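Single-structure report; data block below.
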Amino acid sequence: LTTAGTPTMVMLGPWVRRLGHRFRIAPWRRGNLLDATSCSIIGFLPWSVAVLIPFAFVGGMVENAAAINFTPVGLVPYVFYCWALMLVAIFAAVTGWGREHIDEAEYEREAAEIYGVQARP
């Protein structure tokens, strides 16, 4: 639950690589799903930069307009792009839309990199 996409991808990248390898999912597909989910989740976190910076710009105007209950938490339902990106990522993961698998040679080469297992000749 970091407030930026890059630290999330750095922390979860190795885990996503092993999980994707287990199910023979192409590396580009793993990266796309990791990127989409980590970049959309930060829009839901009221303490993230993606929510606080815009709120900081309009916060004074809202106070002057006497709009009550306008807080970073109140913005979460209105981050439409983040909601849409998350829904597309979930749809793609569940239905297999755009899924590609790696072949046996790539699977064994990656196993050698990840787990230190020697590929079969």
Side-chain angles (χ1 to χ4, degrees):
L1 294 175
T2 66
T3 61
T6 303
T8 303
M9 289 183 251
V10 169
M11 289 186 299
L12 295 178
W15 178 76
V16 170
R17 185 177 190 203
R18 284 189 210 93
L19 184 64
H21 174 78
R22 179 178 173 194
F23 293 101
R24 297 177 184 250
I25 298 172
W28 71 265
R29 170 72 171 194
R30 300 175 216 164
N32 286 346
L33 289 173
L34 176 62
D35 183 43
T37 54
S38 66
C39 289
S40 63
I41 288 173
I42 64 170
F44 304 138
L45 302 176
W47 59 85
S48 76
V49 173
V51 174
L52 290 179
I53 288 179
F55 186 80
F57 285 123
V58 299
M61 290 183 273
V62 171
E63 288 173 8
N64 294 336
I68 58 172
N69 297 328
F70 188 73
T71 65
V73 175
L75 289 178
V76 172
Y78 303 104
V79 287
F80 302 116
Y81 177 77
C82 296
W83 284 109
L85 188 59
M86 180 59 76
L87 292 174
V88 168
I90 290 170
F91 176 78
V94 170
T95 64
W97 176 45
R99 184 181 304 154
E100 289 185 18
H101 296 281
I102 56 177
D103 60 12
E104 189 64 30
E106 178 68 17
Y107 180 78
E108 290 188 15
R109 184 197 63 75
E110 193 174 54
E113 284 181 19
I114 295 173
Y115 305 110
V117 177
Q118 292 296 329
R120 289 179 255 156

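All of these numbers come straight from a predicted model, not from anything done at the bench.
Applying the side chain to side chain contact (heavy atoms under 4.5 Å, CB included) test to Arg22 and every residue at least two apart in sequence or in another chain returns nothing.
Of the possible polar contacts, one joining the Arg30 side chain to the Ile25 backbone as a donor-acceptor pair under 3.5 Å is found.
For Trp15, the CH2 atom is loosely surrounded, since the number of other residues' heavy atoms within 6.0 Å does not exceed 12.
At least one side-chain heavy atom of Arg18 sits less than 4.5 Å from a side-chain heavy atom of Tyr115.
Of all the heavy atoms in Met9 and Ser38, the pair that sits closest is CG-OG, 3.4 Å. The two residues Gly13 and Leu34 have their closest heavy-atom pair at CA-CD2, 4.0 Å. Shown here for Arg29 and Ala92, the closest heavy-atom pair between the two residues is NH2-O, 2.7 Å.
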Pairs under 3.5 angstrom only: tabulate donor-acceptor contacts from the side chains of residues 74-90 to other protein residues two or more places apart or in another chain.
unit_1	atom_1	unit_2	atom_2	d
Trp83	NE1	Val76	O	3.0

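There is no path of hydrophobic side-chain contacts, each under 4.5 Å, that joins Leu19 to Met11.
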Evaluate salt bridge (charged side-chain N to carboxylate O under 4.0 Å, His left out) for Glu106 paired with Arg24, printing each intermediate quantity in order. CA-CA 9 Å; Glu106 178 68 17; Arg24 297 177 184 250; over 6 Å; no
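With rounding to the nearest 0.5 Å, the separation of CH2 in Trp28 from CG in Asp35 is 13.0 Å. We find the CZ-CZ distance between Arg99 and Phe23 to be 10.0 Å, quoted to the nearest 0.5 Å.
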